[in-house]
J.: 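Just passing along the structure, written as C-alpha cells.
Model, not experiment: these values are computed from the prediction. In what follows, chains are A, B, ... by sequence order, proteins preceding strands, each numbered from 1.
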Number of protein chains: 2
Amino acid sequence: MSSVNLKQLAQALDLSVSTVSRALNDSYEISAATKEKVQLLATQLGYQPNPYASSLRRQQSKTVGVIIPEVANNFFSLAINGIEEVARQNGYHVLIYLTHENFAQEQTIVQHLANGRVDGILISVSGETQDAAHFAKLRELNLPTVFFDRVCEQTDTASITTDDYDSGYRATHHLLERGCRRIMHLTLAQHLSIGQKRMQGYLDALRDADVAFDPALLVRGGHGSDHNTALVQQLLEQDPSIDGIFAAVESLAIAGYRACQATGRRIPADIKIIGFSNLEMADLLNPSLTTIRQPAYAIGREAATILFQGLMKNRPILTSQSQELKSELVVRASTGGLG
Amino acid sequence: MSSVNLKQLAQALDLSVSTVSRALNDSYEISAATKEKVQLLATQLGYQPNPYASSLRRQQSKTVGVIIPEVANNFFSLAINGIEEVARQNGYHVLIYLTHENFAQEQTIVQHLANGRVDGILISVSGETQDAAHFAKLRELNLPTVFFDRVCEQTDTASITTDDYDSGYRATHHLLERGCRRIMHLTLAQHLSIGQKRMQGYLDALRDADVAFDPALLVRGGHGSDHNTALVQQLLEQDPSIDGIFAAVESLAIAGYRACQATGRRIPADIKIIGFSNLEMADLLNPSLTTIRQPAYAIGREAATILFQGLMKNRPILTSQSQELKSELVVRASTGGLG
DNA sequence: CTGTTAGCGCTTTCAT
DNA sequence: ATGAAAGCGCTAACAG
C-alpha cells in the first residue's frame, strides 16, 4: 500500500534489507553514518513500515481491543477518551467493539480477539453477562485483560471500578439526611456487581439510619426512557408517601425527574432525587438534580495504564493491581435545591 | 497466539496446508468430504486464522480507521455506534483515533494510517483543520476516505453531512416566527464549513425576514463551559435588547441557558433559545430548550456503508455519493415553552 | 558493523 | 481434487 518498502530502500542505498531494518529500528550495531543515510532517505520517500508484516514476525500487534456495551453513553465515551490517550502515548492502537448489552455478541467478540489480533483487552461486561466461560479462554491464551466499571467477579484479573458500594451508601445517606424516609431505588442491571453494590450501599444506609426497607420501593427499569418514566410515574401515583428517588443509572434519574414533573411533585420540596450521571449537562441544565459523578476518564486511563504496564514488561496482570476510584457527589443547587 | 495454526491442522489431518486453507475458505475445488473433515477439526481445536498473516498476504486488513475530534460528545458517540454496527456486519474491524481538535495530531494520525493498516478511513475533521494537504496523500495512495459531519471541502471525496444551512435557516426562522428580533448567534468553529453553513442559514433567515443583522450579536465561544457562560452573560447584561439565542453547538446552548438564568432572564418569556444538540437528555430535562437534532447514528451508518461498498466492490468513492441527511427540530414544551 | 538466511502464518499460482 | 512452492514485508539468528 505505502508503495515503498524495505527492499526498495535497501536497493536504493545499496545496502542489505537487514541493515536498513536495523538502522530504522535504531539498532546499536549500525554506524551512525549509515543510520543517518537510511533515515534520511526513509523520510524522503515517506517510508512507512508495514504493520502487518512486523506484527506477524514479532508476534505482537501493538493493538488493544476495547469491548463495551455501548458508546452512546457518557461514561463509556469518557473512558474511551482516557484509553485512547494512554494507548497513543504508548504507541498502541485501539480497536473498538460494542456488545449492545448482548451476551452472545460479547462471546463472539471475545472469541474473535483470541487470535493475536490484539495484545490485550479492556472490557466492561454487558448487562446480560452472567457466565464467565469465555473469559477463561483469554486466560488460557494468556491474553492480558483488564475489566473496568462493569467487572466480572468470577475471574481473577485486574479491574478498575468506582466505589460503587460506598457511593450508593453516600447517595442514600444524603437523601436520608435531608429528611427522606421513603426512597425509591431505581436500577437496571440487578445481577451485575455494579448494581448489587450500589443497592447494598442503599440498603445499609437505610439500616444504619434505622429506616425500614420496603421492597416495593425497589424498581427495576428496562430500556426505553418513556417506558421507564411511565413506570415510575405509576408508582409515584400509587404511593404518595415516596419522598426520594435514588437512581443507580443516569437514564433512570432522568426518568425519575420527568415522572415527578408529570405527577406534579415539586423537586426538591416534595421529593428529592439523586442519581448516577456522568453527564455534566444533566446538572448544568438542572441544578435540582444532584448527581454522583464517576471519574470516567480516569478509569479509562487507569485501566489502560495497568494493561500497558503488563504488556510492556511482559508481566501478568494481577488482581492485586485492581483499584477502586472515588466518585463525586455533585450538588449544584445553592438555593437549597436538592443539594 | 491462538496456538493452533494451519500447519498443525494439516498434519493432524494428513493433508497439505494449501488444501486445509482452501477447505476453510470454502474453495470450490475441494471435495465436500474434505471440507467437512477440515472444518470439523478446525472448530474442535478452536482454530482462528492469524489475521496479520492473511492481511499481509492478501494486502488488505479488513479494518477501517475512524478519526474524530472527540468521543465525549454525543454526536460522535452515536456516529461510532452506527459505524461499528455496519463494520461488524461487513466483517470489518474499527480502529479509533482522536484528534482532540488538534490539527497536528490529525496530520500524524492520517500519516500513520497510510501504511496499509486500514483499508479505508472515516473522518470528521478537527476544528483547527484548514489545510488539506494531508488528505491529498490519502488520495495518492488510493486509500478510500469518507468524510462525515465536519467535512473538508477542498478534497473531492464523498461526504455525509447534515443539512447545516437549512437547519440553521429553520432554527433562526423558528425564533423569528416567535417574535425574536435580536438573536445572538453562538458558534465555535467559524472556519469549518459546518459552522459557516449554519451561520449562513442564520443570516439568510434574518435577511428574508427583513431583520437587520448586527455583527455584535455574533459570538465565537471557546472551550470551557464556564468561560462561555460568563461570556454570554456579559453580553446579555450589556445588551438588554437581546431576545433570542441560536447556538450552533450543544455546549454553547447550555452556556446560553445558564447565562440566561444567571442574568435573571426568563425562558421563554424574556428570551428564547434554540440550539444544536444530539443529547436527548438536554430536552428531556429541560423542555424549554428547543433543539436541532442531527441524525448522528444514521450519519455513521451511511458513511460506513458508502465506504464499505467502495471497499467490497473495489470501486473508487466518488463525490457523487455524498449525502446530506435531514436534521430534526425538537420542540418539547407543550405549554408554550420555547416551542 | 554489515550481509545471508530463515521464517512468522497465510494465500495462491502452478503443477499433477 | 490435492500438493509443492513461492512470497507478502519484516525481524532476528547466525556468520563474518
Side-chain angles (χ1 to χ4, degrees), chain A residues 1-39 41-42 45-63 91 112 114-119 141 314, chain B residues 1-39 41-42 45-63 91 112-119 141:
Chain A
M1 186 61 74
S2 165
S3 52
V4 47
N5 59 17
L6 275 191
K7 202 169 160 189
Q8 294 168 350
L9 276 184
Q11 275 172 351
L13 289 161
D14 203 33
L15 284 170
S16 78
V17 192
S18 49
T19 304
V20 176
S21 170
R22 279 185 279 236
L24 292 172
N25 288 316
D26 203 33
S27 161
Y28 67 96
E29 42 184 3
I30 297 291
S31 75
T34 315
K35 269 186 196 169
E36 214 168 320
K37 257 198 319 194
V38 174
Q39 279 159 358
L41 188 67
L45 299 188
Y47 167 75
Q48 295 274 86
N50 181 314
Y52 297 119
S54 73
S55 285
L56 178 57
R57 180 61 230 244
R58 285 202 156 117
Q59 297 287 52
Q60 58 150 313
S61 59
K62 281 284 178 186
T63 301
H112 263 85
N115 59 358
R117 189 181 291 277
V118 296
D119 295 340
L141 290 171
N314 218 356
Chain B
M1 185 62 73
S2 164
S3 53
V4 48
N5 58 20
L6 275 192
K7 202 170 161 187
Q8 294 167 349
L9 276 184
Q11 275 172 350
L13 289 161
D14 204 35
L15 284 170
S16 78
V17 192
S18 44
T19 304
V20 176
S21 171
R22 277 185 280 234
L24 290 171
N25 288 314
D26 204 31
S27 162
Y28 67 97
E29 41 183 3
I30 298 292
S31 75
T34 315
K35 269 186 196 168
E36 215 168 318
K37 257 198 319 196
V38 174
Q39 279 159 0
L41 188 68
L45 300 188
Y47 168 76
Q48 294 276 87
N50 181 314
Y52 297 119
S54 74
S55 284
L56 178 58
R57 179 61 229 248
R58 284 207 160 113
Q59 297 287 54
Q60 57 149 313
S61 60
K62 281 284 178 185
T63 301
H112 263 87
L113 289 186
N115 59 358
R117 189 181 290 278
V118 296
D119 295 341
L141 289 171

J.: Just the rounded figure in Å: distance from P of D/dA13 to CD of A/Q59.
T.: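 Going from CD in A/Q59 over to P in D/dA13 covers 13 Å.
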
J.: Between B/Y47 (side chain) and B/N5 (backbone), is there a donor-acceptor pair under 3.5 Å?
T.: no

J.: Quick one: is D/dT11 close enough that its OP1 or OP2 comes under 4.0 Å of any side-chain N or O from B/Y52?
T.: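 Checking B/Y52 against D/dT11: no side-chain N or O falls below 4.0 Å of OP1 or OP2.
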
J.: Using the side chain to side chain donor-acceptor pair (under 3.5 Å) criterion, which residues pair with A/T19? Sequence neighbours excluded.
T.: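 Result, side chain to side chain donor-acceptor pair (under 3.5 Å) vs A/T19: A/S16.
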
J.: To the closest 0.5 Å, what do you measure between CG (B/L15) and OG (B/S21)?
T.: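 Nearest 0.5 Å value for the CG-OG distance: 12.0 Å.
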
J.: Tell me which residues in residues 23-30 of chain A lie within less than 4.0 Å of DNA chain C, going by non-hydrogen atoms.
T.: A/E29, A/I30

J.: Any side-chain N or O of A/Q48 less than 4.0 Å from the OP1 or OP2 oxygen of D/dG9?
T.: no

J.: Assess whether one donor atom and one acceptor atom, taken from the side chain of A/R57 and the base of C/dG9, lie less than 3.5 Å apart.
T.: no

J.: Taking atom CG of A/N25 and atom NZ of A/K35, what is their separation to the nearest 0.5 Å?
T.: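 Here the rounded value is 10.0 Å.
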
J.: What's the CZ-P distance between A/R117 and C/dC8, to the nearest Å?
T.: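 One finds 20 Å between P of C/dC8 and CZ of A/R117, rounded.
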
J.: Rounding to a whole Å, what distance do you find between B/K7:NZ and D/dA5:P?
T.: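 The answer, rounded to whole Å, is 14 Å.
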
J.: Is B/T34 near enough to D/dA1 that one of its side-chain N or O atoms lies under 4.0 angstrom from OP1 or OP2?
T.: no

J.: Base, sugar-phosphate, or nothing for A/S21, non-hydrogen atoms under 4.0 angstrom?
T.: base

J.: I want to confirm an ordering. Mapping B/S16 and B/R58 to their closest nucleotides on DNA chain D, which one lands closer to the 5' end?
T.: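 The residue mapped nearer the 5' terminus is B/S16.
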
J.: Looking only at side-chain N and O atoms, does A/S55 come under 4.0 Å of OP1 or OP2 in D/dC10?
T.: no

J.: What is the distance, to the nearest angstrom, from the CG atom on B/N50 to the P atom on D/dC10?
T.: 17 Å

J.: Find the distance between OG (A/S61) and CZ (B/R117) and round it off to the nearest 0.5 Å.
T.: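 Separation between the atoms: 8.5 Å.
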
J.: If you measure from NZ on B/K37 to OG on B/S31, what distance do you get to the nearest 0.5 Å?
T.: 7.5 Å

J.: Specify the separation, in whole Å, of atom CG of B/L6 and atom P of D/dA5.
T.: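 Checked: the CG to P distance equals 18 Å.
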
J.: Return the value, rounded to whole Å, for the distance between atom CG of B/D14 and atom C1' of D/dT2.
T.: 12 Å

J.: Which residue, B/L15 or A/R22, contacts DNA chain D at a nucleotide closer to its 5' end, judged by nearest heavy atom?
T.: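 Nearest nucleotide further toward 5': that of B/L15.
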
J.: Ignoring backbone atoms, test whether A/S18 places a side-chain nitrogen or oxygen under 4.0 Å from the OP1 or OP2 oxygen of C/dG3.
T.: no

J.: Could you state the atom-to-atom distance from CG of B/N5 to C1' of C/dG7 in whole Å?
T.: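 One finds 13 Å between C1' of C/dG7 and CG of B/N5, rounded.
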
J.: Quick one: does B/S27's side chain have a donor or acceptor within less than 3.5 Å of a partner on B/I30's backbone?
T.: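 No, the answer is negative, given that no donor and acceptor are paired below the 3.5 Å cut-off.
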
J.: Can you check the B/Q60 CD to C/dC10 P distance for me, whole Å?
T.: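 Distance check: B/Q60 CD to C/dC10 P gives 16 Å.
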
J.: Please report the interatomic distance CD(A/Q11) to CG(A/L6), rounded to the nearest 0.5 Å.
T.: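 Taking CD in A/Q11 and CG in A/L6, the distance rounds to 11.5 Å.
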
J.: Among C/dG3, C/dC10, D/dT2, which is the nearest nucleotide to the side chain of A/T19?
T.: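 Looking only at side-chain atoms, A/T19 lies closest to C/dG3.
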
